[in-house]
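Take a look at the structure set out below.
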Amino acid sequence: MKHILAALAVAVALPALAETPMTGDEFEAFTEGKTLHFYRNGVLFGAEQYRSGKRVRWSFIAGQEQQDCMEGVWYEQNGDICFAYEDNIADQCWAFFPDGDGLRATFRSSVPNVTGYTAQETTEPLLCLGPDVGV
């Protein structure tokens, strides 16, 4: 019985170990022209619009309200998808995996292998209100 349980555990783990991150071409084909909502542990925390030329526009979402948007670009580096934004904070690199009709992401930068991020396409527009609107 122990041998059967051990074999079953290995069989279940193998697909996860064999999973490979999306390439830059796969990521671009999936994202270009879309806006994705990003979730951490099921809680919405941001939205990103993917435009031509690997250009992106990101907005954190706090309490279901969008914050200011940041312009940026993405690029592939060492098998990861990395993002550089206009705020000049260090580039952020991720491994993306297909997950149903969305994506699953693992953060690779300063906190390696943090998981639990998912992304789903949204039909809601990305609103970039900018600072001091209405003042």
Side-chain angles (χ1 to χ4, degrees):
M1 183 68 163
K2 289 181 184 178
H3 296 294
I4 293 172
L5 291 176
L8 182 59
V10 169
V12 169
L14 283 178
L17 294 174
E19 188 177 38
T20 57
M22 296 173 86
T23 66
D25 289 340
E26 292 167 334
F27 182 77
E28 184 171 32
F30 183 88
T31 59
E32 188 170 342
K34 295 180 181 177
T35 299
L36 301 180
H37 274 171
F38 282 81
Y39 300 84
R40 170 83 170 123
N41 295 325
V43 177
L44 179 63
F45 75 90
E48 190 152 49
Q49 182 181 54
Y50 294 85
R51 300 175 294 166
S52 63
K54 299 182 180 179
R55 294 176 303 124
V56 295
R57 181 177 290 146
W58 167 262
S59 176
F60 284 105
I61 298 177
Q64 301 298 320
E65 292 185 22
Q66 280 185 214
Q67 307 298 305
D68 296 343
C69 292
M70 289 188 291
E71 300 292 327
V73 296
W74 70 266
Y75 59 94
E76 185 176 12
Q77 177 178 297
N78 300 324
D80 292 334
I81 306 299
C82 301
F83 295 83
Y85 295 98
E86 64 188 356
D87 62 3
N88 293 319
I89 293 178
D91 294 1
Q92 299 177 12
C93 297
W94 302 79
F96 285 93
F97 304 89
D99 186 27
D101 59 353
L103 297 174
R104 184 173 38 83
T106 300
F107 193 49
R108 304 282 222 184
S109 294
S110 58
V111 183
N113 300 318
V114 172
T115 58
Y117 294 91
T118 58
Q120 294 292 319
E121 185 175 4
T122 180
T123 57
E124 295 177 30
L126 184 64
L127 302 174
C128 297
L129 302 176
D132 304 322
V133 172
V135 175

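Source: prediction; values computed, not measured. What you see below is based on every heavy atom in this structure, not just the backbone, and it leaves out hydrogens, waters and symmetry mates.
- If you take CE on M70 and CD on E86, they are separated by 7.5 Å, rounding to the nearest 0.5 Å.
- The side-chain contact (heavy atoms from CB on, under 4.5 Å) check on E48 picks up F38, Y50, V56, W58, F83, Y85, with sequence neighbours excluded.
- No side-chain heavy atom of E124 sits less than 4.5 Å from a side-chain heavy atom of T35.
- The distance from the CG atom of D87 to the CG atom of D68 is 11.5 Å, given to the nearest 0.5 Å.
- Taking OG1 of T31 as the reference point, atom CE of M22 lies at 7.5 Å (rounded to 0.5 Å).
- Using a 4.5 Å cut-off on side-chain heavy atoms (C-beta onward), D91 and Y75 make contact.
- Q49 places no side-chain N or O within 3.5 Å of a backbone atom of R57 that could act as its donor or acceptor partner.
- Atom CD of residue E19 and atom CG of residue D99 lie 8.5 Å apart, to the nearest 0.5 angstrom.
- Counting heavy atoms from C-beta outward, R55 and E71 have side chains that stay 4.5 Å or more apart.
- Ring-plane geometry between F96 and F27 is classed as tilted, the angle between the planes lying from 30 to 60 degrees on a 0 to 90 degree scale.
- A search for side-chain contact (heavy atoms from CB on, under 4.5 Å) contacts involving T123 returns nothing, not counting sequence neighbours.
- Residue T118 holds its OG1 atom at 10.0 Å from CZ of R40, rounded to the nearest 0.5 Å.
- Between N78 and R108 the shortest side-chain heavy-atom distance does not fall below 4.5 Å.
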